[in-house]
Asker: 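Can you keep this structure in mind? I'll have questions shortly.
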2 protein chains.
Amino acid sequence: MISQTMEDYLAAIYRVEGPTHRATTGAVARRLGVSAASASAMFHKMADSGLVRYREYLGVTLTASGRLQATQIVRRHRLAERFLTDMLGIGWERVDKVADQMEHALPEEVTESFARVLGDAARCPHGYPIPSTSGEVAVRETVSLAELATGGGGQVAWVSEDDPVVLATLARRGLVPGAEVHVLVGAPGAKRRVVQVEGRAAVSLQMGLLQAVAVEVAMDARP
Amino acid sequence: MISQTMEDYLAAIYRVEGPTHRATTGAVARRLGVSAASASAMFHKMADSGLVRYREYLGVTLTASGRLQATQIVRRHRLAERFLTDMLGIGWERVDKVADQMEHALPEEVTESFARVLGDAARCPHGYPIPSTSGEVAVRETVSLAELATGGGGQVAWVSEDDPVVLATLARRGLVPGAEVHVLVGAPGAKRRVVQVEGRAAVSLQMGLLQAVAVEVAMDARP
DNA sequence: AACATGGTTTAGAGACGACTAAATCATAGG
DNA sequence: CCTATGATTTAGTCGTCTCTAAACCATGTT
């Protein structure tokens with residue numbers, strides 16, 4: 001049995017470690033709201049349990065076992081989010097916080113019932129993939145909307161934000177997973193971009209908002 | 001903010017304290033699966049927080065504040081049970097354990113969404129009343145089916161058991177909340193009773209099972 | 001190559017909640 | 001009335017997770 005605290009760390013590491021597969025002490029500590037010292041101590045214990053490999057001063061990497069367990073926690077979290085929006089009608093800008101509390105308390109049985117009644121949803125309301133029970137995760141190649149220039153565009157894959165205000169704003173503009181978006185005006189160095197979402201009127205958005213939107217560029221439009 | 005452990009104690013005290021409004025250290029400790037020493041220590045802290053009155057060696061009594069908070073935890077628990085059976089199709093014999101884990105993790109918002117989609121259910125699947133948000137609880141006068149003799153009968157109000165095997169057995173016999181039941185053969189001292197449930201064929205049941213069934217005797221049949 | 005800076009780790013200590021063993025109390029029986 | 005018995009409380013520890021303060025390391029700058 002793995003403690004609830006350790007589960008929190010596991011999920012945090014999973015979400016923090018980027019393509020380099022390395023999560024630093026500070027980044028994990030910040031995400032969990034604990035001191036770096038606490039995270040460092042926990043990393044030692046997790047390494048002893050075989051959940052991570054720990055290179056001192058450089059950060060941790062999930063082992064196969066750790067990664068599998070992390071995906072299952074994330075699966076619970078994202079299924080819970082999907083459930084909260086689809087079945088209970090709770091706004092997508094609030095479900096992340098609520099699901100945080102639920103992800104530890106959901107027995108396997110309930111998680112799988114969620115999956116069943118949701119028709120085996122593939123993504124959470126923010127667009128992130130829901131890992132399968134065996135730990136597989138669908139990957140998509142994306143670019144931040146902030147990195148696209150005039151003429152660029154594609155389909156919104158996910159929105160990486162947890163600030164409710166930002167999420168609500170983006171939703172009001174139609175910037176939700178699945179939407180087609182195109183940059184009408186946007187010089188590479190500019191502070192704002194004018195974008196068009198689906199059939200809507202064009203809107204001007206600042207970089208802060210654009211950075212949160214991950215876009216999958218269509219195959220035939222790739223450089 | 002009140003700790004999750006304290007919430008567990010609060011709910012346990014609420015369920016243990018009988019009509020005398022007193023919960024003993026041992027009874028609470030047994031229900032929570034902790035030592036009496038641990039419960040004793042916790043009672044001191046809860047008394048300091050104003051949740052209970054504590055008479056040493058005699059047990060605790062919920063204060064108004066403690067009682068209100070306890071009812072809200074029980075509300076979450078019973079709404080979760082109702083949700084698990086009605087919306088997810090999980091068997092009534094297993095939902096108690098599952099809801100135990102969920103009762104701390106359900107934010108107000110989710111609890112009230114449950115209540116809404118469940119049409120403000122009045123009782124949990126086992127028949128216990130679901131407290132209102134203001135802490136009111138509907139009371140019913142009941143007698144254990146084991147205490148009724150030949151000719152007695154009424155409506156099953158609730159089933160006070162958490163052993164899945166017992167619950168499954170009772171359900172198979174039709175002994176679920178709302179069912180009309182009558183004692184066909186049952187001397188006051190006997191080990192078994194022959195009972196008839198609704199329109200079914202009569203069955204003989206042992207005291208162990210009968211004791212779990214709380215029956216509301218019809219007004220005109222009261223002694 | 002030496003150093004300044006910022007992130008990371010160790011040291012020391014505290015809150016919480018659990019346990020066992022020993023002491024204490026309440027109460028029923030003689 | 002006194003004592004035996006069982007329940008309850010106190011005393012002393014332990015494990016987990018957290019913190020701050022101080023020592024340490026990796027890196028980029030001069």
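Per chain, numbering begins at 1; letters A, B, ... match sequence-line order.
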Asker: Checking B:H104 against B:Q4: is there a side-chain donor and acceptor pair closer than 3.5 Å?
Answerer: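 B:Q4 vs B:H104: no donor-acceptor pair found between side chains.
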Asker: Reading DNA chain D 5' to 3', which nucleotide is the first, and which the last, to come under 4.0 Å of any heavy atom in chain A?
Answerer: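 Span of nucleotides near chain A: D:dT16 to D:dC25.
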Asker: Using whole Å, report how far CG of B:D48 lies from P of C:dC16.
Answerer: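 So the CG-P distance, B:D48 to C:dC16, works out to 11 Å.
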Asker: How many whole angstroms separate atom CD of A:Q4 from atom C1' of C:dG17?
Answerer: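 From A:Q4 CD to C:dG17 C1': 15 Å.
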Asker: With distance as the sole criterion, is a donor-acceptor pair present between the side chains of A:S204 and A:R192 under 3.5 Å?
Answerer: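 Yes.
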Asker: Report the distance from atom CZ of B:R22 to atom P of C:dA26, rounded to the nearest whole Å.
Answerer: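 Between P of C:dA26 and CZ of B:R22: 12 Å.
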Asker: Would you indicate, yes or no, if C:dC19 has its OP1 or OP2 atom less than 4.0 angstrom from a side-chain nitrogen or oxygen of B:S35?
Answerer: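 B:S35 to C:dC19 OP1/OP2: side-chain N or O found under 4.0 Å.
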Asker: Provide, to the nearest angstrom, the distance between the CG atom belonging to B:L32 and the C1' atom belonging to C:dG17.
Answerer: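 Taking CG of B:L32 and C1' of C:dG17, I get 12 Å after rounding.
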Asker: Any side-chain N or O of A:S40 under 4.0 Å from OP1/OP2 of C:dT8?
Answerer: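 It does not, given that no N or O in the side chain of A:S40 lies less than 4.0 Å from OP1 or OP2 of C:dT8.
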Asker: B:L10 CG to C:dG17 P: how many Å, rounded?
Answerer: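 B:L10 atom CG is separated from C:dG17 atom P by 13 Å.
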Asker: Give a yes or no on this: more than 12 heavy atoms of other residues, nucleotides or ligands lie within 6.0 Å of atom CZ of A:R55.
Answerer: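 It does not: A:R55 CZ has 12 such atoms or fewer within range.
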Asker: Mind checking what makes ring pair (Phe, Tyr, Trp, His ring centres under 6.0 Å) contact with B:Y128, not counting sequence neighbours?
Answerer: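 Scan of B:Y128 (ring pair (Phe, Tyr, Trp, His ring centres under 6.0 Å), adjacent residues dropped) gives B:W158.
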Asker: Once side-chain hydrogen bond (donor to acceptor under 3.5 Å, both in side chains) is applied, what residue pairs with a partner in residues 83-93 of chain B remain, sequence neighbours excluded?
Answerer: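 Qualifying pairs, neighbours excluded: B:R82-B:D86.
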Asker: Give a yes-or-no answer on whether the side chains of B:T63 and B:S65 include a donor-acceptor pair shorter than 3.5 Å.
Answerer: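 Side chains of B:T63 and B:S65: no pair found under 3.5 Å.
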